Amino acid sequence: MKILVDEIQKSIAELGVETLQEKADVYIEKVVQKFSTNQIYKYPLWSYLPNRRSVHDPNGWKTISEFLPTEEKLFFFEPSNGNIAFHFKNSIDLVNVIENCFPFDFYVTNKAVDF
């Protein structure tokens, strides 16, 4: 869905945040292999993560800036919404971009896919 990618790119431009973009396939595959109960991607990714807990917190995304705040973050979403991964230099920039967008499901990790 190009609308989501356009929304994120618009927010990045408005805030003057520096990011790198690349295809998300490699990271999605790594996340699936490391954390999923499947060996291949199935929609939605979050429903195939073991030991998941469901907590509804409409403002939960704001806490991303508290988790390793100065480390680079990799930000992506379900491939059906666009096969792009955005690299953010820090969590604060990522939270600012998310705050400027409409609500959607997303994933955050690092290049090593440690979390």
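All values below come from the heavy atoms of this structure, side chains included, with hydrogens, waters and symmetry mates left out. What you see is a predicted model, and the numbers here were worked out from it, not measured in a lab.
Interatomic distance, CG of Asn83 versus CG of Asp25, reported as 4.0 Å (0.5 Å rounding). To the nearest 0.5 Å, atoms OG1 (Thr19) and NE2 (His87) are separated by 9.0 Å. Taking CG from Leu74 and CG from Asp114, the interatomic distance works out to 11.5 Å, rounded to the nearest 0.5 Å. Between Glu71 atom CD and Lys89 atom NZ the span is 15.0 Å, to the nearest 0.5 Å. Between atom CD1 of residue Ile28 and atom OG1 of residue Thr109 there is a gap of 11.5 Å, rounded to the nearest 0.5 Å.
For Phe76, the ring pair (Phe, Tyr, Trp, His ring centres under 6.0 Å) partners at least two apart in sequence or on another chain are Tyr107.
When every heavy atom of Ala112 is checked against every heavy atom of Lys34, the shortest pair comes out as O-NZ, 4.2 Å.
Side chains of Ile8 and Phe77 form a contact here, defined as non-hydrogen atoms less than 4.5 Å apart. You'll find the side chain of Val32 stays beyond 4.5 Å of the side chain of Ile40, heavy atoms only. With contacts defined as side-chain heavy-atom distances shorter than 4.5 Å, the pair Glu72/Phe88 does not qualify. Residues Gln33 and Tyr41 are not in side-chain contact: their nearest non-hydrogen atoms beyond the backbone lie 4.5 Å or more apart. Residues Glu22 and Tyr27 have side chains in contact (heavy-atom distance under 4.5 Å, counting atoms from C-beta outward).
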>> Run Phe86 and Lys73 through side-chain contact (heavy atoms from CB on, under 4.5 Å) and show every step you take.
In response: CA-CA 8 Å; Phe86 294 89; Lys73 299 294 184 300; over 6 Å; no
Contacts under 3.5 angstrom, residues 58-69 side chains, donor-acceptor by atom type, not counting sequence neighbours:
residue, atom, partner, partner atom, Å
Trp61, NE1, Pro58, O, 3.2
Thr63, OG1, Gly60, O, 2.6
Ser65, OG, Lys62, O, 3.2

Return a table of donor-acceptor pairs under 3.5 angstrom between the side chains of residues 92-105 and protein atoms on other chains or two or more places apart.
residue, atom, partner, partner atom, Å
Asn96, ND2, Ile92, O, 3.3
Asn100, ND2, Glu14, OE1, 3.4

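Ring geometry for Phe106 versus Phe75: interplanar angle of 30 to 60°, hence tilted.
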